[in-house]
2 protein chains.
Amino acid sequence: MSTASARAYELIRSLILEGRFAPGERLKEEELTDLCGVSRTPVREGLRRLAIEGLVVVTPHQGAQVAAIGEGELAEIYALRAMIEGHAAGRAAMLISGDDIAKLKALASEMEAAVAAANSDLSGGAAELNARFTPANSEFHRIILDAAMSPRLAAMAALVVEIPLILRTLARYSDAELMRSLQHHRELIAAFEAHDEDWARSVMRSHVLAASHAVVRPGVGRVQPD
Amino acid sequence: MSTASARAYELIRSLILEGRFAPGERLKEEELTDLCGVSRTPVREGLRRLAIEGLVVVTPHQGAQVAAIGEGELAEIYALRAMIEGHAAGRAAMLISGDDIAKLKALASEMEAAVAAANSDLSGGAAELNARFTPANSEFHRIILDAAMSPRLAAMAALVVEIPLILRTLARYSDAELMRSLQHHRELIAAFEAHDEDWARSVMRSHVLAASHAVVRPGVGRVQPD
DNA sequence: AGCACCAAGATCGCATACAATCACCGAGCC
DNA sequence: GGCTCGGTGATTGTATGCGATCTTGGTGCT
């Protein structure tokens, strides 16, 4: 059995990412105590860890609330993400194993199949996309990050990759953007097979920046439309 | 009065950076309790925070030990630092105020004076350098990071800027390298005054990569000379 | 009516007590 | 003699209690 701290951390984190707490909502320690089934101490530790990762903000004597992010902040986060993941892809191009490349290929196929299925089955396409595409996509990026073999780089990535997930961004992709994303994946794999550091970094940067423009888009995603 | 957690965090952190604990040394919570004058709870919180920042590593049921870093790891850390601080300098070039530029100029002068004093006063030059140069240098970099106005970027920087400090790298700079470092500072200020994003980023990258080669050098800094 | 202030309730920060786990060490067995 | 297996001490993980601080609702004053 893992420690209670880790379980509290993971539970709270998943609840936030699932959108069970509204951005800006206050998280009371005792409330989380009930949800997690552990005492306040591990809950506090998990909360502090999430604070450092940027998912919640804690102010002394005032507790924690889930992070609320604005449009400008989101653009800046994507810029950082392009930098970090680009760097990771460059390192990965030098270090990645054939095994991992095979896994990436399988995941790319899975994502393509998910898109195809969503397109043929017109009803509920978006939901199926989220169910099949998103996990494969996360795994795809995680493998690359791990292949870079740099725990510090992974820690940096943790600061920026999860924030956009709070907004559940996939639904906003247009068909053309989705196709482009799939092509990026294939091109990344090609760059890895060629062990071309610059190519891999460049494609990954494009991939993330394209995603950025799919998400932070004028007039879309406003909480308060005016 | 600040919180006990924050004080514990800062105290332990400064002790590590001062070299009062050997790399790899185990940090027992009760021991730190005595040093900090607070209870184990805030000590633990500080320790976890330091773990996320990479200064210590904690393994479950085994406690914390100060991070030990190898040669290859150090090179990788400097590469990350060049990326992060380069990005920060680019953003800062767009956002920095005249006030901050004035402060940077004063700090650059202070560092130049420190080097001049160390060169004329032959005895104890290195010690004086560490006493005058290092704080000014840290402040110089901190101002740029703050000017970038990106808390996440600052958090990333925290992951990599402090690690090299554990090794107290300044003493290894040659005279030529020191002079180059001073010139980099002046050039950075010029780039900021021109609000030239690319120039600032490029100079900062050079600055960090140059430092990298002054530190991770074949045959220097081995713990176990063979 | 609006604002400042005060008190009660709630929540957080810290200290301490208890439980769980691990490392070390010595004895017994193969 | 070397290896395995408990036992014991130390250390970390978790729970809870108490004091400090903040929020909120109401009251009195301007």
Side-chain angles (χ1 to χ4, degrees), chain A residues 1-16 20-68 151 155 158 223, chain B residues 1-17 20-69 151 155 158 166:
Chain A
M1 168 194 131
S2 162
T3 65
S5 274
R7 276 179 295 139
Y9 162 76
E10 287 169 13
L11 178 60
I12 299 171
R13 176 172 164 278
S14 66
L15 287 177
I16 292 176
R20 300 275 285 277
F21 298 115
E25 180 176 347
R26 186 167 172 190
L27 299 174
K28 296 170 199 167
E29 292 178 357
E30 282 192 55
E31 180 183 325
L32 298 172
T33 289
D34 298 339
L35 285 175
C36 300
V38 297
S39 175
R40 276 180 54 212
T41 308
V43 167
R44 283 173 60 84
E45 284 193 8
L47 239 30
R48 298 308 157 100
R49 190 168 158 193
L50 289 167
I52 294 178
E53 291 182 4
L55 282 178
V56 306
V57 300
V58 300
T59 42
H61 293 103
Q62 210 168 325
Q65 50 185 33
V66 345
V223 181
Chain B
M1 168 195 128
S2 162
T3 66
S5 270
R7 276 180 295 143
Y9 162 75
E10 287 169 14
L11 178 60
I12 300 171
R13 176 172 165 277
S14 66
L15 287 178
I16 292 176
L17 290 178
R20 300 274 286 276
F21 298 115
E25 180 175 346
R26 185 167 172 191
L27 299 173
K28 296 172 199 167
E29 293 178 356
E30 281 192 58
E31 182 182 325
L32 298 172
T33 289
D34 297 340
L35 286 174
C36 299
V38 298
S39 176
R40 273 181 57 210
T41 308
V43 166
R44 282 174 61 83
E45 283 193 9
L47 239 31
R48 298 308 157 100
R49 190 169 158 191
L50 289 167
I52 294 179
E53 290 181 4
L55 281 179
V56 306
V57 300
V58 301
T59 41
H61 293 103
Q62 209 167 326
Q65 49 186 34
V66 343
I69 60 199
I166 297 182

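Only heavy atoms go into these numbers, but all of them, side chains included; no hydrogens, no water, no symmetry mates. A note on names: the letters A, B, ... follow the listed sequences, proteins ahead of strands, and every chain is numbered from 1.
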Within the structure, does a side-chain N or O atom of [X] lie under 4.0 Å from either OP1 or OP2 of [N]?
| X | N | value |
| --- | --- | --- |
| A:Gln62 | D:dT23 | yes |
| A:Arg44 | C:dG13 | yes |
| B:Arg48 | D:dG13 | yes |
| A:Ser5 | D:dT14 | yes |
| B:Arg40 | D:dT12 | no |

Fill in: Any B:Ile16 side-chain heavy atom under 4.5 Å of B:Val56 side chain
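Yes. Closest side-chain heavy atoms under 4.5 Å.
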
Practice prompt. Check for a donor-acceptor pair, side chain of A:Thr3 on one end and backbone N or O of A:Ala6 on the other, with a separation under 3.5 Å.
Written response: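 At least one qualifying donor-acceptor pair exists.
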
What is the distance, rounded to the nearest whole Å, between atom [atom1] of [X] and atom [atom2] of [N]?
| X | N | atom1 | atom2 | answer |
| --- | --- | --- | --- | --- |
| B:Asp34 | C:dT16 | CG | C1' | 15 Å |
| A:His61 | D:dC18 | NE2 | C1' | 14 Å |
| A:Arg49 | D:dG13 | CZ | C1' | 15 Å |
| B:Glu45 | C:dA15 | CD | P | 11 Å |
| A:Lys28 | D:dT23 | NZ | C1' | 11 Å |
| A:Leu32 | C:dA10 | CG | P | 18 Å |
| A:Glu30 | C:dG9 | CD | P | 16 Å |
| A:Gln65 | C:dT11 | CD | C1' | 14 Å |

Worksheet item: Does the pair A:Arg48 and B:Glu45 meet the rule for a salt bridge (Lys or Arg N to Asp or Glu O under 4.0 Å), with working shown?
Response: CA-CA 8 Å; A:Arg48 298 308 157 100; B:Glu45 283 193 9; 3.2 Å; yes

Practice prompt. Map A:Ala6 and A:Pro60 onto DNA chain D by nearest heavy atom, then report which one ends up closer to the 5' terminus.
Written response: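 Between the two, 5'-proximity favours A:Ala6.
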
Discussion item. Heavy-atom nearest nucleotide on DNA chain C for B:Arg26 versus B:Ser39: which residue maps closer to 5'?
Written reply: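 The residue whose closest nucleotide sits nearer the 5' end is B:Ser39.
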
Taking only the side-chain heavy atoms of [X] (C-beta and beyond), determine which of [options] contains the nearest atom.
| X | options | answer |
| --- | --- | --- |
| B:Pro42 | C:dA15, D:dG13, D:dT21 | C:dA15 |
| A:Val38 | C:dT21, D:dT11, D:dA15 | D:dA15 |
| B:Ala4 | D:dT12, D:dT21, C:dC14 | C:dC14 |

Discussion item. Ignoring hydrogens, what is the shortest heavy-atom contact between A:Thr33 and A:Arg40? Give both atom names and the distance.
Written reply: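 Between these two residues, the closest heavy atoms are OG1-CG, 3.5 Å.
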
Discussion item. Quick one, B:Arg13 with B:Leu50, criterion side-chain contact (heavy atoms from CB on, under 4.5 Å). Give me CA distance, side-chain angles, the key distance, then yes/no.
Written reply: CA-CA 7 Å; B:Arg13 176 172 165 277; B:Leu50 289 167; 3.8 Å; yes

Practice prompt. Give A:Leu27 one of three labels, base, sugar-phosphate or nothing, depending on what nucleic acid heavy atoms sit under 4.0 Å from its own.
Written response: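 The answer is sugar-phosphate, as A:Leu27 gets under 4.0 Å only of primed atoms, P, OP1 or OP2.
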
